[in-house]
Amino acid sequence: MIYTVTFNPSLDYIVNVDNLVLGRVNRTTSEIIYPGGKGVNVSIVLKNLGFENTALGFLAGFTGEEIRARMERMGIRADFIMVPEGMSRINMKIRSNEESEINGMGPAIRDEDIDQLYKKLDALTGDDILVLAGSIPTVMPETMYSDIMKRLDGRGVRIAVDATRDLLMNVMPYHPFVIKPNNHELGEIFDVELKTRSDVIPYAKKLQERGARNVIVSMAGEGAVMVDEDGGVHESAAPQGKVVNSVGAGDSMVAGFIAGYLTSGDYEQAFRMGVCTGSASAFSEELATKEDVEKLIKATY
């Protein structure tokens, strides 16, 4: 089974407004609402690609119940822990002459809630894949990702990590199966500017030296690079299409890579599916569908 963890899921409320004017009443021309959060996005895309998975994390209040209900309607097993205080956040994205975001805080997560999550994770085995994605709420330990990986160390669970800076670097001793920084995040780690795919390769290999088994680096319009644990280096230009919505593209790449790897067992094929799944989400108002991904693979490779 594939499991995803989202510590601070959201309801994403996206509105289009013609010529937003601050200090006045503005009316929307269109609206979309859907469950959000990086791990949640991975779960949705995996399901769209035909892969059953279980979403873990924390929910609270009426917004938490709505997130759960929407995910279950999508056919995803939503095994979240309901916490008693606060409410799951609402993230508002306003598209107008400029794009703006207002993100909520999320609920108060207690030590006993974290213990409940650990109990669920303790059931994972070498047959499972775990995806840890996104930031950690301020009410939780900053070492949460590395704490989870330390707890699961030696069980053979393949763990994908999509995080930044210390949150990412702290998991390296536990040899994550795959990590996916973008070129800017990779550059921040090593205090360099990485503009081209050839620039990225040596620094991706440095992350392997630190402990990562496979490293994918997304580069938006420049495409992507992957260095795999067998010594392979894979590069891809960005698929052709019009970017409509960049939200969830990186999460979709992670989902596509996992789906591609489980289907083929081949890192090149998995990388290509990851690239096209991320782009399919970027080219759509919603997250990638299997049909969109398959069309893009045929057109790109």
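Heavy-atom basis, side chains included; hydrogens, waters and symmetry copies ignored.
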(request) Report the C-alpha distance between K205 and E209 in whole Å, list the side-chain angles of each, state the deciding distance to 0.1 Å, and finish with yes or no for salt bridge (charged side-chain N to carboxylate O under 4.0 Å, His left out). (result) CA-CA 6 Å; K205 289 182 176 179; E209 293 169 5; over 6 Å; no

(request) Working to the nearest 0.5 Å, report the span between CD1 of I44 and CE of M74. (result) 4.0 Å

Side-chain atoms of residues 125-132: list all donor-acceptor pairs with protein atoms under 3.5 Å, sequence neighbours left out, distances to 0.1 Å.
unit_1, atom_1, unit_2, atom_2, d
T125, OG1, D127, N, 3.2
D128, OD1, M1, N, 3.0
D128, OD2, T125, N, 2.8

(message) I'd like to know if the side chain of D292 and the backbone of A288 have a donor-acceptor N/O pair within less than 3.5 Å.
(response) no

(message) Using a 3.5 Å distance criterion without hydrogens, assess whether the side chain of S284 forms a donor-acceptor pair with backbone atoms of A280.
(response) no

Would you tabulate the side-chain donor-acceptor contacts of residues 80-93 under 3.5 Å, counting partners in other chains and residues two or more places apart, or write 'none'?
unit_1, atom_1, unit_2, atom_2, d
S88, OG, A60, N, 3.0
S88, OG, A60, O, 3.4
R89, NE, N8, O, 2.8
R89, NH2, N8, O, 2.9
N91, OD1, G104, N, 3.0
N91, ND2, S10, OG, 3.4

(request) Look up atom CG in D79 and atom CD in E72, then write down how far apart they are to the nearest 0.5 Å. (result) 9.5 Å

(request) For E291, look at atom CD and say whether over 12 heavy atoms of other residues, nucleotides or ligands are found less than 6.0 Å away. (result) no

(message) For a quick test of reading the model, state the closest non-hydrogen atom pair linking V275 to P239 and the distance between them.
(response) CG1-CD, 3.7 Å

(message) Nearest 0.5 angstrom please: L49 CG to T263 OG1, how far?
(response) 8.5 Å

(message) Can a donor-acceptor pair be found, under 3.5 Å and without considering hydrogens, that links the side chain of R158 to the backbone of V178?
(response) no

(request) Enumerate the residue pairs fulfilling ring pair (Phe, Tyr, Trp, His ring centres under 6.0 Å) with a member in residues 195-216, sequence neighbours excluded, ordered by first and then second residue. (result) F190-Y203

(request) Could you check if a side-chain atom of K180 sits within less than 4.5 angstrom of a side-chain atom of F257, using non-hydrogen atoms only? (result) no

(message) Show, in sequence, the C-alpha distance, side-chain angles and deciding distance for E188 and T164, and conclude whether the side chain to side chain contact (heavy atoms under 4.5 Å, CB included) test is met.
(response) CA-CA 9 Å; E188 286 175 356; T164 59; 5.8 Å; no

(message) Between T6 and V40 (side chain of the first, backbone of the second, donor and acceptor by atom type, cut-off under 3.5 Å), is there such a pair?
(response) yes

(message) So which atom in E52 and which in G75 form the shortest heavy-atom distance, rounded to 0.1 Å?
(response) OE1-O, 3.9 Å

(request) With sequence neighbours left out, write down each residue that passes salt bridge (charged side-chain N to carboxylate O under 4.0 Å, His left out) with E268, or none if nothing qualifies. (result) R272

(message) The criterion is side chain to side chain donor-acceptor pair (under 3.5 Å); which residues satisfy it with K38, sequence neighbours excluded?
(response) D162, D251

(message) What verdict does the salt bridge (charged side-chain N to carboxylate O under 4.0 Å, His left out) test give for R151 and D122, after you've listed the backbone C-alpha separation in whole Å, the side-chain angles of each residue and the deciding distance to 0.1 Å?
(response) CA-CA 8 Å; R151 191 179 185 100; D122 283 344; 2.8 Å; yes

(message) Can you tell me how far apart CD1 (I216) and OG (S236) are? Round to the nearest 0.5 Å.
(response) 11.5 Å

(request) Drop me the distance from N214's CG to E229's CD, to the nearest 0.5 angstrom. (result) 4.5 Å

(request) With the side chain counted from C-beta on, respond yes when E66 and I33 share a heavy-atom pair under 4.5 Å apart, and no when they do not. (result) no

(message) Let me check something: do F283 and V254 share a hydrophobic cluster, defined by ILVMFWY side-chain heavy atoms less than 4.5 Å apart, either directly or through other members?
(response) no

(message) I want to check something: taking the side chain as every heavy atom from C-beta on, are N41 and S252 in contact at a cut-off of under 4.5 Å?
(response) no

(request) Could you tell me which non-hydrogen atom of A249 sits nearest to which non-hydrogen atom of A282, and how far apart they are? (result) CB-CB, 4.3 Å

(request) Step through the shown structure and confirm whether more than 12 heavy atoms of other residues, nucleotides or ligands are within 6.0 Å of CZ on R27. (result) no

(request) Would you indicate whether the side-chain heavy atoms of M219 and V200 approach each other to under 4.5 Å? (result) yes

(message) My understanding is that only residues two or more places apart in sequence, or in another chain, count here; which of them pass side chain to side chain donor-acceptor pair (under 3.5 Å) with E235?
(response) R197

(message) I need the full list of side-chain hydrogen bond (donor to acceptor under 3.5 Å, both in side chains) pairs touching residues 14-26, with sequence neighbours left out, sorted by first then second residue.
(response) N16-S30

(message) Can you give me the closest heavy-atom contact between G36 and D12, atom names plus distance?
(response) CA-OD2, 3.6 Å

(request) Please name the pair of heavy atoms, one in P181 and one in L207, separated by the smallest distance, quoted to 0.1 Å. (result) CG-CD1, 4.2 Å

(message) Please list all pairs meeting ring pair (Phe, Tyr, Trp, His ring centres under 6.0 Å) that have one or both residues in residues 149-187, counting only residues at least two apart or in different chains.
(response) F177-Y261

(request) Using the rule that two of Ile, Leu, Val, Met, Phe, Trp, Tyr join whenever any of their side-chain heavy atoms come within less than 4.5 Å, decide whether I148 and I179 are in one cluster. (result) yes

(request) Nearest 0.5 Å please: distance from the CG atom of N53 over to the CD1 atom of I76. (result) 5.5 Å

(message) Please check: side-chain N/O of D230 versus main-chain N/O of G232, any donor-acceptor pairing under 3.5 Å?
(response) no

(request) Report the C-alpha separation of I14 and E31 in whole Å, then their side-chain angles, then the decisive distance to 0.1 Å, and conclude whether the side chain to side chain contact (heavy atoms under 4.5 Å, CB included) test is met. (result) CA-CA 6 Å; I14 301 173; E31 304 173 359; over 6 Å; no

(request) State, to 0.1 Å, how close P176 and V161 come at their nearest heavy-atom pair, and which atoms those are. (result) CB-CG2, 4.1 Å

(message) According to ring pair (Phe, Tyr, Trp, His ring centres under 6.0 Å), does anything in residues 4-62 pair up with another residue at least two apart or in another chain? List the pairs.
(response) F7-Y145

(request) Show your reasoning for whether salt bridge (charged side-chain N to carboxylate O under 4.0 Å, His left out) applies to E294 and K298. (result) CA-CA 6 Å; E294 289 175 345; K298 288 180 181 178; over 6 Å; no

(request) Can you sort out the partners of E285 under salt bridge (charged side-chain N to carboxylate O under 4.0 Å, His left out), two or more places apart, ordered by chain and number? (result) R95

(request) Answer yes or no: are there more than 12 heavy-atom neighbours, outside Q240 itself, under 6.0 Å from its atom CD? (result) no

(request) Find out whether V157 and Y3 are in side-chain contact, i.e. whether some heavy atom of one side chain is under 4.5 Å from a heavy atom of the other. (result) no

(request) Would you check if the side chain of E185 reaches a backbone N or O of N182 as a donor-acceptor pair within less than 3.5 Å? (result) yes

(request) Return yes when atom CG of D111 has more than 12 non-hydrogen atoms of other residues, nucleotides or ligands closer than 6.0 Å, and no otherwise. (result) no

(request) With sequence neighbours left out, write down each residue that passes salt bridge (charged side-chain N to carboxylate O under 4.0 Å, His left out) with K150, or none if nothing qualifies. (result) none

(request) Quick one: which residue pairs count as a ring pair (Phe, Tyr, Trp, His ring centres under 6.0 Å) with a foot in residues 106-136, not counting sequence neighbours? (result) none

(request) Go through I189 and M169 one step at a time and tell me if the side chain to side chain contact (heavy atoms under 4.5 Å, CB included) criterion holds. (result) CA-CA 9 Å; I189 291 170; M169 298 307 294; 3.9 Å; yes

(request) Begin from the C-alpha positions of M149 and I159 and carry the test side chain to side chain contact (heavy atoms under 4.5 Å, CB included) through to its verdict. (result) CA-CA 8 Å; M149 294 189 68; I159 302 178; 3.9 Å; yes

